[in-house]
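Values below: every heavy atom of this structure, side chains too, minus hydrogens, waters and symmetry copies. Letters A, B, ... mirror the listed sequences (proteins, then strands); counts begin at 1.
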Protein chains: 2
Amino acid sequence: MEVNEKQKELIERIGVFYERKGMQPLVGKIIGLLLVHEQAEAAFDEIIETLGVSKSAVSNALTFLQAKNYVIYTSKLGERKRYFTLKSTDWKADFEQELEHIADIQRFLEEVLAIRPGETQEFNDRLRDFCDFLEFFRNEIPSLFERFKNQRG
Amino acid sequence: MEVNEKQKELIERIGVFYERKGMQPLVGKIIGLLLVHEQAEAAFDEIIETLGVSKSAVSNALTFLQAKNYVIYTSKLGERKRYFTLKSTDWKADFEQELEHIADIQRFLEEVLAIRPGETQEFNDRLRDFCDFLEFFRNEIPSLFERFKNQRG
DNA sequence: AATTTTGTTCTCTTTTTACAGAACCAACAA
DNA sequence: TTGTTGGTTCTGTAAAAAGAGAACAAAATT
């Protein structure tokens, strides 16, 4: 696929976004490419050409993306090529899971609170308050999803 | 400060957590140390001793943490030492800002949608739905904070 | 059977990260 | 004024990340 300037820019930006989330650069760019791709799917060699990278790099990145359940491939009848596409079946589910990392923070902050001495009262109180908020927030998530569903019924 | 086993373990875990968010290892460990520290503040040399790292590394990490508004230092009268502490004034505000990165996703996904051709309808529809959800979610945040405040009166 | 297509895996190199250590500097103390 | 304390900045380096390129493999094609 020929990518125009706007598409290039988006791939770049999306790439940087995912890179900052800890993924390796090429992985982010592939996500970007699959998002802007006109067919919403790309063949192995197409990725290589469009992004100008090596086979090995693409192979490894795709293995990672598939392991993480971000990407799947489909094959067309009579063709041996694989067409890679974003497993978009439920981005909201991914998002919900992403929010779960809040639970991690809460968990270790609770442990911190449990072992803190009473001397630093103000600090402890603020920490307590924040923990409570995280708890509250976490509990609100399901109903948030619920409300979104209803609101558009 | 002498750190016991539990404290060590927590520092380690908190460190890993922040590392996965893209910060460098030492930065995460310092956050951990300041969280479990009995006075909730630590002097420069104390950080060095407790974590067993070099002055330069600590200096750089603290510069970063201060730039990011995670940490401030206070000095005690008559002392030249700086005591570094987590700027805990409002963790919720930090959290709220953290949620703002959702806006980033939404922004580039909207741009993606704008340039996508109409052929891949199902893909586009799902993307649209997800964008709408992000919009909804983002708008709900303020009222979420509001409800938390009220709920505890 | 030989060749081509579509990838995968292995090895090597380049680049970046994360930190150590020494030199440095400003403030204060002796 | 010289030394000490508290920290910063500069320079070097070990280790890890990211990817190139070649060798390899399995399936399909000729």
Side-chain angles (χ1 to χ4, degrees), chain A residues 1 11-12 14-34 37 39 41-68 70-85, chain B residues 1 11-12 14-34 37 39 41-68 70-85:
Chain A
M1 191 184 75
I11 292 174
E12 209 48 52
I14 295 169
V16 169
F17 176 84
Y18 281 100
E19 206 177 330
R20 291 202 338 177
K21 297 220 318 176
M23 293 180 180
Q24 85 188 56
L26 183 54
V27 166
K29 278 181 205 157
I30 290 178
I31 294 176
L33 172 57
L34 294 180
H37 192 286
Q39 274 78 51
E41 65 181 13
F44 193 88
D45 52 333
E46 210 181 335
I47 298 175
I48 291 172
E49 280 171 44
T50 314
L51 301 181
V53 286
S54 70
K55 291 211 292 179
S56 55
V58 170
S59 178
N60 288 324
L62 286 174
T63 300
F64 172 84
L65 281 165
Q66 291 172 92
K68 284 269 178 188
Y70 273 98
V71 160
I72 48 168
Y73 67 81
T74 52
S75 36
K76 304 192 173 174
L77 288 105
E79 273 194 69
R80 205 142 67 83
K81 265 186 184 165
R82 294 170 190 175
Y83 290 86
F84 297 90
T85 124
Chain B
M1 190 185 76
I11 292 174
E12 208 48 52
I14 294 169
V16 169
F17 176 84
Y18 282 99
E19 207 177 327
R20 291 203 338 175
K21 297 220 320 174
M23 294 180 178
Q24 85 189 56
L26 182 53
V27 166
K29 278 181 205 159
I30 291 178
I31 294 176
L33 172 58
L34 295 180
H37 193 285
Q39 274 77 52
E41 65 180 14
F44 193 88
D45 51 335
E46 210 181 335
I47 298 174
I48 290 172
E49 280 171 43
T50 314
L51 301 182
V53 286
S54 69
K55 292 212 290 181
S56 54
V58 170
S59 177
N60 288 324
L62 286 174
T63 300
F64 172 85
L65 281 165
Q66 291 172 90
K68 285 270 177 186
Y70 274 98
V71 159
I72 49 170
Y73 68 81
T74 53
S75 35
K76 305 191 172 173
L77 289 104
E79 272 194 69
R80 207 143 63 84
K81 264 186 185 163
R82 295 171 190 174
Y83 291 86
F84 297 90
T85 123

Legend entry - Atom-to-atom span, CD of A:Gln66 to P of C:dG7 - whole angstrom: 10 Å

Inset, instruction - Indicate, yes or no, whether a donor-acceptor pair under 3.5 Å links the base of D:dG21 to the side chain of A:Ser56. - result: yes

Legend entry - Rounded distance (Å) that lies between atom P of C:dA27 and atom CD of B:Glu79: 18 Å

Legend entry - Euclidean distance, atom CZ of residue A:Arg82 to atom C1' of C:dT8 [Å, nearest integer]: 9 Å

Inset, instruction - Using a 4.0 Å heavy-atom cut-off across all strands, classify B:Leu62 as base, sugar-phosphate, or nothing. - result: nothing

Inset, instruction - Decide, yes or no, whether a salt bridge links B:Glu41 with B:Lys76 under the criterion of side-chain N to carboxylate O below 4.0 Å. - result: yes

Inset, instruction - Report the distance from atom CD1 of A:Ile48 to atom P of D:dA22, rounded to the nearest whole Å. - result: 14 Å

Inset, instruction - Just call it for B:Val53: base, sugar-phosphate, or nothing, with non-hydrogen atoms closer than 4.0 Å on any strand. - result: sugar-phosphate

Legend entry - Nucleotide D:dG7, atom P - distance to CZ of B:Phe44 in whole Å: 6 Å

Inset, instruction - Decide yes or no, distance alone: a donor-acceptor N/O pair under 3.5 angstrom between the base of D:dG6 and the side-chain of B:Lys81. - result: no

Inset, instruction - Report the distance from atom CD of A:Glu49 to atom C1' of C:dT6, rounded to the nearest whole Å. - result: 14 Å

Inset, instruction - Inspect the surroundings of CZ in B:Phe44 and state if more than 12 heavy atoms from other residues, nucleotides or ligands are less than 6.0 Å away. - result: yes

Legend entry - Candidates C:dA18, C:dA20, D:dA18 - which lies nearest the side chain of A:Gln24: D:dA18

Inset, instruction - Take the protein atom CG of A:Asn60 and the nucleotide atom P of D:dA16, then report the distance between them rounded to whole Å. - result: 18 Å

Legend entry - Distance, rounded to the nearest Å, where B:Arg80 contributes CZ and C:dA26 contributes P: 12 Å

Legend entry - Of the listed nucleotides C:dC19, C:dT9, D:dG19, the one nearest the side chain of B:Leu26: C:dC19

Inset, instruction - State, with a plain yes or no, whether a side-chain heavy atom of A:Arg82 is found less than 4.5 Å away from one of A:Leu62. - result: no

Legend entry - DNA chain D: 5'-proximal contact among A:Val58 and A:Gly78 (nearest heavy atom): A:Val58

Legend entry - Close side-chain approach of B:Ile11 and B:Leu51, heavy atoms under 4.5 Å: yes

Inset, instruction - Map B:Lys55 and A:Lys55 onto DNA chain C by nearest heavy atom, then report which one ends up closer to the 5' terminus. - result: A:Lys55

Inset, instruction - Scan B:Glu46, B:Gln66, B:His37 and name whichever one has a side chain to side chain contact (heavy atoms under 4.5 Å, CB included) with B:Phe84. - result: B:Gln66

Legend entry - A:Pro25 side chain, from C-beta outward: closest of C:dC19, D:dG19, C:dC28: D:dG19

